[in-house]
Amino acid sequence: MAVRLLSHELSDLCLGKPALRSLSVTSTIAEALEVLKTSDDNFVSVWSCDHKAKTSSGFESAAGFCDNYDDDDCRCVGKVCMVDVICYLCKDENLVSPSVALKEPVSVLLPKIPGLVLHVEPSCSLLEAIDLILEGAQNLVVPIKTKLSNKRKQHQKPSPTVTVHKGREFCWLTQEDVIRFLLSSIGLFSPVPAFSIDTLGIISSEILTIEYHSPASAAIGAISRTLVDQTSVAVVDSEGCLIGEISPFTLACCDETVAAAVKTLSSGDLMAYIDCGGPPEDLVRVVSSRLKERNLNGMLEHFSMSMSYGGFSSSSSDEESMAASPLPRSGRYSRSMSYSARMVRRAEAIVCHPKSSLVAVMIQAISHRVNYVWVIEDDCSLVGIVTFSDMLKVFREHLETIA
């Protein structure tokens, strides 16, 4: 059984994975927003191609149906999500005129950290993939083996945001995909999965925190860092007890106007604002009022339009008179006033105890679609965090013994 596990290639993990939606590196941030708002995925891949991409109908496409290409000419150079846009709009100069800021190329959002997204072949082994992830890769871009027939290509209209090269589409694999795969063979690692995370020594104390009453704007840099680290910012009280979190995953389910809330609210109020129930009316009033006080008229207009689109008017001329209709939810699909099976995270933190078993923490993280679990004591004092990366290190060491 162990030999069989080690023989798996990445193509085995790609079964059923959706094709990547993509953007050209020259696309604008506004175009990226449109894709993100209609996507089931939090991230959209960004591609750089040195040639003119053509669709199957012969028309040039900004993102990715290429019948003739060189692998070295067309590469995924990164990924962006709503959190990138929110942090970008939080800059003072962009709050003044969001409409101008959104015309910038999406490339300005890409982190200047090499190796976050890597191309690999479907024949890449499971061990090789784990090593790449432990070296810092967040997403592995893998060609989907199934090829589109010429006849199908003639009659199928490709999505303008799906990357297809020579009849091949691409997907990507993440830490979560690998952890899910290992969980399906968890018995092979016995008795390690039953050990506590404390015993295994995988509780990290390197965490980013912010006090509940502190301005949320003080956490902007931390939010950007946790997006790269695939963790979260812990919100604590004055005694270091965990109250909640400002999670990139939760922010990714919001829209770009949350930047206004980040710049004007406290950390505690921001948690309430981005909760899946939607922004409370009183906090919307506060955000509008503070934007006006700071003469951030560009963001105020953008913010008011977003609220009005959801069936609510926050006109500054009548701030005391609020519409009776409910505010739009912060979840992405609420923008079109519809619902989806897509999970929308709450600001409530997912926690475990130092004596929790490795397998229990794995299941917790997977079930909540996060890459980490906070570790607290019985009095809610924050001990640290356990991440998928920490878990993968444990499994990688065990795999070496059976290789």
Side-chain angles (χ1 to χ4, degrees), residues 28-39 42 44 80-104 106 109 215-217 219-220 223-224 227 246-267 269-316 319 322-323 325-338 344-347:
T28 65
I29 298 174
E31 289 171 331
L33 272 177
E34 288 302 311
V35 175
L36 287 167
K37 289 178 179 181
T38 58
S39 174
N42 282 334
V44 60
V80 296
C81 72
M82 188 64 71
V83 187
D84 293 304
V85 180
I86 291 170
C87 291
Y88 171 75
L89 289 178
C90 282
K91 296 179 179 179
D92 292 339
E93 62 271 24
N94 295 335
L95 285 169
V96 173
S97 184
S99 58
V100 173
L102 294 177
K103 293 178 182 178
E104 290 294 313
V106 72
L109 302 180
S217 57
I220 294 173
I223 292 171
S224 295
L227 180 61
I246 301 175
S247 165
F249 192 97
T250 306
L251 288 171
C253 297
C254 304
D255 68 21
E256 73 280 6
T257 62
V258 170
V262 174
K263 290 292 288 187
T264 56
L265 298 178
S266 68
S267 297
D269 285 341
L270 179 63
M271 285 197 301
Y273 187 95
I274 65 178
D275 202 8
C276 66
E281 294 181 7
D282 60 333
L283 290 182
V284 172
R285 292 193 194 97
V286 170
V287 173
S288 296
S289 176
R290 291 178 180 173
L291 288 174
K292 185 178 180 180
E293 289 173 2
R294 300 176 189 182
N295 294 319
L296 297 174
N297 297 323
M299 178 53 78
L300 177 61
E301 181 180 358
H302 197 70
F303 180 78
S304 300
M305 287 179 61
S306 176
M307 293 298 104
S308 298
Y309 180 76
F312 164 73
S313 175
S314 59
S315 172
S316 58
E319 293 180 357
M322 306 302 290
S325 57
L327 289 177
R329 293 178 180 270
S330 59
R332 176 175 306 149
Y333 283 88
S334 63
R335 296 188 184 94
S336 60
M337 305 307 289
S338 62
V344 178
R345 276 286 313 286
R346 298 180 67 91

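Residue numbers start at 1 and run along the sequence shown. We use all heavy atoms of the structure for the numbers below, so side chains are in, but hydrogens, waters and symmetry mates are not.
- Here S217 contributes atom OG and L270 contributes atom CG; the two are 10.0 Å apart, rounded to the nearest 0.5 Å.
- Summarising the geometry of M82 relative to L251, their closest heavy-atom pair is CG-O, 4.1 Å, with the distance given to 0.1 Å.
- Heavy-atom minimum distance, L36 versus V80: CD2-O, 3.9 Å.
- Using a 4.5 Å heavy-atom threshold, the side chains of I246 and S267 count as touching.
- Applying the side-chain contact (heavy atoms from CB on, under 4.5 Å) criterion to T28, with sequence neighbours excluded, gives A30, E31.
- When side chains are defined from C-beta on, E256 counts as touching K37, because their heavy atoms get closer than 4.5 Å.
- Residues Y273 and V287 meet the side-chain proximity criterion, which asks for heavy atoms closer than 4.5 Å.
- Of all non-hydrogen atoms in L89 and A259, the two that sit nearest each other are CB-CB, 3.8 Å.
- Put simply, CE on M299 and OG on S306 are 10.0 Å apart, with the number rounded to the nearest 0.5 Å.
- Applying the side-chain contact (heavy atoms from CB on, under 4.5 Å) criterion to E104, with sequence neighbours excluded, gives I29, Y88, V108.
- Exactly one residue among N94, L109, V262, I223 makes a side-chain contact (heavy atoms from CB on, under 4.5 Å) with C87. That residue is I223.
- In this structure, CG in L296 is found 5.5 Å from CG in L95, a value given to the nearest 0.5 Å.
- Every residue two or more places apart in sequence or in another chain that forms a side-chain hydrogen bond (donor to acceptor under 3.5 Å, both in side chains) with D92 is listed here: K263.
- With contacts defined as side-chain heavy-atom distances shorter than 4.5 Å, the pair H302/L102 qualifies.
- Remark: T257 engages D255 in a side-chain hydrogen bond (donor to acceptor under 3.5 Å, both in side chains) (not counting sequence neighbours).
- The side-chain contact (heavy atoms from CB on, under 4.5 Å) test applied to E93 returns K91, not counting sequence neighbours.
- Across T264 and R290, no two heavy atoms sit closer than the pair O-NH1, 2.5 Å.
- Contact check for L300 versus S288: side-chain heavy atoms found under the 4.5 Å cut-off.
- The side-chain contact (heavy atoms from CB on, under 4.5 Å) search around P248 returns V83, T226, L227, S232, not counting sequence neighbours.
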